[in-house]
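Proteins come first, then strands; the chains are lettered A, B, ... in the order of their sequence lines, and each starts at number 1.
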There are 2 protein chains.
Amino acid sequence: MVTGSEADAVAGAGAGAGALYRRVAADLREAIAAGEYGSGGRLPAEQALAAHYGVSRGTIRQALAALRANGLVTSRRGTRRVVLGTTRVQSFSELVSFTSWARSLGEEPGGRVDRIERRPATAYEREQLRLPADGEVILVLRARTLSGQPVMVERSVYPLWVGELVARIPADAVSHTEPLQEQGVVFADADHTIDLAAADADDARLLGCDLAAPLLRERRRSTDPSGAPLECSEDRYMPGTVAFTVHNSLAGSALTRRQAAP
Amino acid sequence: MVTGSEADAVAGAGAGAGALYRRVAADLREAIAAGEYGSGGRLPAEQALAAHYGVSRGTIRQALAALRANGLVTSRRGTRRVVLGTTRVQSFSELVSFTSWARSLGEEPGGRVDRIERRPATAYEREQLRLPADGEVILVLRARTLSGQPVMVERSVYPLWVGELVARIPADAVSHTEPLQEQGVVFADADHTIDLAAADADDARLLGCDLAAPLLRERRRSTDPSGAPLECSEDRYMPGTVAFTVHNSLAGSALTRRQAAP
DNA sequence: CAGTGGTCTAGACCACTCC
DNA sequence: GAGTGGTCTAGACCACTGT
């Protein structure tokens, strides 16, 4: 883009995501993915973009900030922005939901609940889910598959009000987040911790691996838009099935290296 | 804060990081870490903060955007921001540099170069480092320790102009990024891919583990402020020594789940 | 030096949450 | 309906990069 007639690129993007800057960002993302500036190429100046899209410089900067956070472009005083990569960026829902991630890859996701328990929360769970001393939780143990192959074991711990909704979902439902969404449970923020774990008896049985076999572990704690904890989950992936990627920069890191918990 | 006399909090922060919004952000971070709003508590309104700090609402919003990116607070229309966590946020340099990370934990970092090679770049390296078809690279294989214990093996591949600087650093230097920094090589952006790998002969020898033992792998590609690739590295950690954490949200994810490369 | 992005301000309107 | 954050505008000045 930035070659068309005038302020049409935004309108041309059709029923965009509402906010102006999001539509501009989407348009720029497309242009970058299409290689219009090349890898390592320079973007037009903010002022030029503002004129092209017919918006103010502030709006352009909001759009560019989004691209930057995604690691698509650099940003420094004195020079035009430079294209860093053309990687397709994953949406938050593709991250939180195994199902929507798998579908976006053209794979056939599957899931089967192995076990549901209601029990008192451990100290760790009380802290993560902000529960009182006598709080209870619902644990859901579930095997996830990709085109029939077992790939991951998910242990999700929910506060009762969420867990009771989850418990009503059929055991072989492909997605849990979608029915939850329909009932007003929205995932908005998540913290992830990634390391390595050894398969226990459940993992070995559900994944078909040896006991104590190494697995890639992702622990996650999700909250809704109001900041209320929704879930505290531990997922264990078969090696070679997934990798996690993160971008970060001087201007703001979301990634952290930590000493492993004892 | 937000209880002191007037617009003194910013001035009181002393020789802050230059930009006004950074000083405001740092002050708010401190206040949150000190538990002034509690976990799950509500922040003052933007307007109140603007009045308190004696700055415009735009500046306050810039500061809050930083806190949000770090996963410290939520953000939604209609309600005050809510404190999500009080986690100390790691700076970018603590992420790129094993040395500065270890020091911030009070551990004693160490490093020893095992081997340096100059050789033609592989196709993958040419792409990552944006080198021509006949490009060469310098590979540095290095063992990293924490208080004497071997913890990680680092395989860094540099373009010649960086590699030649690295090759001049003493084999037992604790830090490589610090001397590079002094010579004007600045790391500004990085992409990380985290998964699992099996120890090869070098890993087993340097870490004292078995051949094919499972290790946590972090592949990284770093660029300088102008977007020029500086490094393409593969680090392998002993299990139980580190974990990686990431925050992400509906408003912008830097984290991605990917199918493992073949 | 000209060009460019970084920072800051002031004001406006809207969409949403919660009482 | 009052309060709050989200979006957008217009303009200003500064710090830095490159020629």
Given atom [atom1] of [X] and atom [atom2] of [N], what is their separation to the nearest angstrom?
{"X": "A/Y21", "N": "D/dT9", "atom1": "OH", "atom2": "P", "answer": "13 Å"}
{"X": "A/I60", "N": "C/dG6", "atom1": "CD1", "atom2": "C1'", "answer": "16 Å"}
{"X": "A/L67", "N": "C/dG5", "atom1": "CG", "atom2": "C1'", "answer": "15 Å"}
{"X": "A/Q47", "N": "D/dG11", "atom1": "CD", "atom2": "C1'", "answer": "12 Å"}
{"X": "B/Y53", "N": "C/dC8", "atom1": "OH", "atom2": "C1'", "answer": "17 Å"}
{"X": "A/R61", "N": "C/dG5", "atom1": "CZ", "atom2": "P", "answer": "9 Å"}
{"X": "A/L43", "N": "C/dG3", "atom1": "CG", "atom2": "C1'", "answer": "16 Å"}
{"X": "A/R80", "N": "C/dG6", "atom1": "CZ", "atom2": "P", "answer": "14 Å"}

Give every residue pair that meets the salt bridge (Lys or Arg N to Asp or Glu O under 4.0 Å) criterion with at least one member in residues 70-82 of chain A, sequence neighbours excluded.
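Sorted result for residues 70-82 of chain A: A/E46-A/R81.
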
Answer yes or no: is there a side-chain heavy-atom contact under 4.5 Å between A/L230 and A/V185?
yes

Is A/T59 close enough to D/dT7 that one of its side-chain N or O atoms is under 4.0 Å from OP1 or OP2 there?
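So the side-chain polar atoms of A/T59 never come under 4.0 Å of the phosphate oxygens OP1 or OP2 of D/dT7.
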
Are the side chain of [X] and the backbone N or O of [Y] linked by a donor-acceptor pair below 3.5 Å?
{"X": "B/R23", "Y": "B/G18", "answer": "yes"}
{"X": "A/R219", "Y": "A/T193", "answer": "no"}
{"X": "A/T74", "Y": "B/G227", "answer": "no"}

What are the atom names and distances for every N/O pair under 3.5 Å that joins the protein to nucleotides 12-19 of chain D?
{"residue": "D/dA12", "atom": "N6", "partner": "A/R57", "partner atom": "NH1", "Å": "3.2"}
{"residue": "D/dA15", "atom": "O4'", "partner": "A/R77", "partner atom": "NH1", "Å": "3.3"}

Starting the side chain at C-beta, find the nucleotide from D/dG6, C/dC8, D/dC8 nearest to B/E46.
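Within the option list, the nearest is D/dG6.
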
Consider the side chain of A/R81, meaning its heavy atoms from C-beta on, and name the nucleotide among C/dG6, D/dT4, C/dC8 that approaches it most closely.
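Looking only at side-chain atoms, A/R81 lies closest to C/dG6.
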
Working note: B/H247 + A/D189, criterion side chain to side chain donor-acceptor pair (under 3.5 Å); need CA distance, chi angles, decisive distance, verdict.
CA-CA 8 Å; B/H247 178 85; A/D189 281 85; 3.0 Å; yes

Ring pair (Phe, Tyr, Trp, His ring centres under 6.0 Å) against B/Y158, all qualifying residues, sequence neighbours excluded
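Expected list: none.
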
